[in-house]
Amino acid sequence: MRILFTTAWYPNRKDAGDGVFIQKHARAVARLNDVAVLMVQTDLAVRGLSIEVCPTEGNIKSLHEVLVYVPKTRFEIPLITGLVRLFWLMMGYIKGYRFIKKNYWQGELPEVCHVNVLTRAAGLPWLLFKLHHIPYIITEHWSRYAREGAYPDSAMQLRLGRRFVKDASYVCPVSLNLEQNMKKWGLDNRHYTRIGNVVDTDMFVPAPKVNAGPKVTFVHVSWMRDDSKNISGILRTASRLREQRQDFHIDFIGEGNDKPKLMDYSKELGLDETVSFLPSQTGKGLAEALQQHDALLMFSNFENQPVSVLEALACGLPVIATKVGTIPSMLAQNRGITVAPGDKSQLQEVMSAFIATRSRMTDVQLSDLTLALQRHQYVAERHSPEVIAKQFDVLYRSARTMEFASK
């Protein structure tokens, strides 16, 4: 089927890590369908509408990635700025949609639309639903629904969000807690269906460490947003733990607006020999980086279903993370250890205990792969591209059937 992915987040020339998990969904779905991704991004360097076609990694012929850049408003005037921004965004989606129809689908309409992240990405699919009876489903990732006062930006956004969710054939949050938080805002739909994130379980696999040193190595992978990931809390914990022992090291992998501030804070704490900040990694590079560490470390204030945790588990790593979102269930059955969010003392105790028992808990060795393989199998059974592709394909076909029946 022809599937139109509309999204507010996607890897782009401004941020290669933006919405990588949505790209993984698109690549998975493209195994069974003809997928065109449409993302619109504001950019101060743009004066008109600029279309960029991305070369698809792996030469997936059934996946087309189209990014449209539109002007970013340079002034802030209540109401007017919002209307100007909305105008450019909608013009971007319309132009990108016409480009996709002409260049990839010989003028044919999409058969199903797949919205990724509310609210603006749902505008075009909703119009296509009203004008041409094309059904759409919604996948949501955003943790804003769980944060006090983080959603909505305006009463209009809430009204639009409720309308878009109500008219969708299916709403697919990546976790149960995200579904519950969306419903608290009145985002009601009869067909909530949870479908998780994707992990390339052929690439993210257990492997022995190469040139393992004397120190226990932790790794943290994220967008470096301190309000959600609480990286400053990890740094403070590392500073306190270093007063007890020096036989550990933490690598922070990722980019983001908060990274310079966090690097300065690390220097202020005197952690130059204990902490390293590394560039963002994806795909094979990230898999190889994870394989060379002893455990993933997350200290988030809130989460839904973090892909970094799934990728670490797929590599066989144990995970130390907070009891937020779906993390407790992800780390059950000896897959990891959970701590209370914000509890630096507990995090310090768990890290220290992990370091002390490294010989028992470092599983990714050729001599003992049992736990590592169990962690990998947990991810493969639930989050491989094949599994997720089939789950979405069922919904696409069901959405088509429901729309035909309603005519």
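Nothing fancy with the numbering, it's 1 onward along the sequence.
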Distance-only donor-acceptor check, side chains [X] and [Y], under 3.5 Å:
X: E288; Y: Q292; value: no
X: T217; Y: D294; value: yes
X: H141; Y: N116; value: no

Taking the side chain as everything from C-beta on, heavy atoms only, tell me whether [X] gets closer than 4.5 Å to [Y].
X: L4; Y: W105; answer: yes
X: F129; Y: S169; answer: no
X: T237; Y: M351; answer: yes
X: I234; Y: N230; answer: no
X: F5; Y: E65; answer: no

Listed partners of [X] passing ring-ring contact (aromatic ring centres under 6.0 Å, His included), at least two apart:
X: F299; value: none
X: H220; value: F252
X: F392; value: H25, H114
X: Y93; value: none

*Residue pairs, two or more places apart or on separate chains, that pass salt bridge (Lys or Arg N to Asp or Glu O under 4.0 Å) and touch residues 213-240*: R147-D227, K229-E303
*asked:* Considering only residues two or more places apart or on different chains, which pairs with a residue in residues 184-199 satisfy salt bridge (Lys or Arg N to Asp or Glu O under 4.0 Å)?
replied: E179-R194
Using the side-chain hydrogen bond (donor to acceptor under 3.5 Å, both in side chains) criterion, which residues pair with [X]? Sequence neighbours excluded.
X: D167; answer: W126, R163
X: K259; answer: E255
X: D251; answer: H249, H293

Atom [atom1] in [X], atom [atom2] in [Y]: separation rounded to 0.5 Å?
X: M182; Y: L178; atom1: CE; atom2: CG; result: 6.0 Å
X: Y265; Y: S232; atom1: OH; atom2: OG; result: 6.5 Å
X: N181; Y: W142; atom1: CG; atom2: CH2; result: 14.5 Å
X: I3; Y: T6; atom1: CD1; atom2: OG1; result: 12.0 Å

*Do Y170 and S398 pass the side chain to side chain donor-acceptor pair (under 3.5 Å) test, and can you show the C-alpha distance, the side-chain angles, and the key distance before you say yes or no?*
CA-CA 9 Å; Y170 291 95; S398 176; 2.5 Å; yes
*Taking salt bridge (Lys or Arg N to Asp or Glu O under 4.0 Å) as the test, write out the residues that go with R144, two or more places apart.*
none
*asked:* For E140, give me all partners under salt bridge (Lys or Arg N to Asp or Glu O under 4.0 Å), at least two apart in sequence or on another chain.
replied: none
Determine all donor-acceptor pairs shorter than 3.5 Å in which one atom belongs to a side chain in residues 310-328; sequence neighbours excluded.
from : atom 1 : to   : atom 2 : distance (Å)
E311 : OE2    : K24  : NZ     : 2.3
T322 : OG1    : S300 : N      : 3.3
T322 : OG1    : S300 : O      : 2.8
T326 : OG1    : N304 : O      : 2.9

*asked:* I want to know whether F218 and F354 have ring centres closer than 6.0 Å.
replied: yes
*asked:* Parallel, tilted or perpendicular, judged at 30° and 60°: which one describes the rings of W223 and F21?
replied: parallel
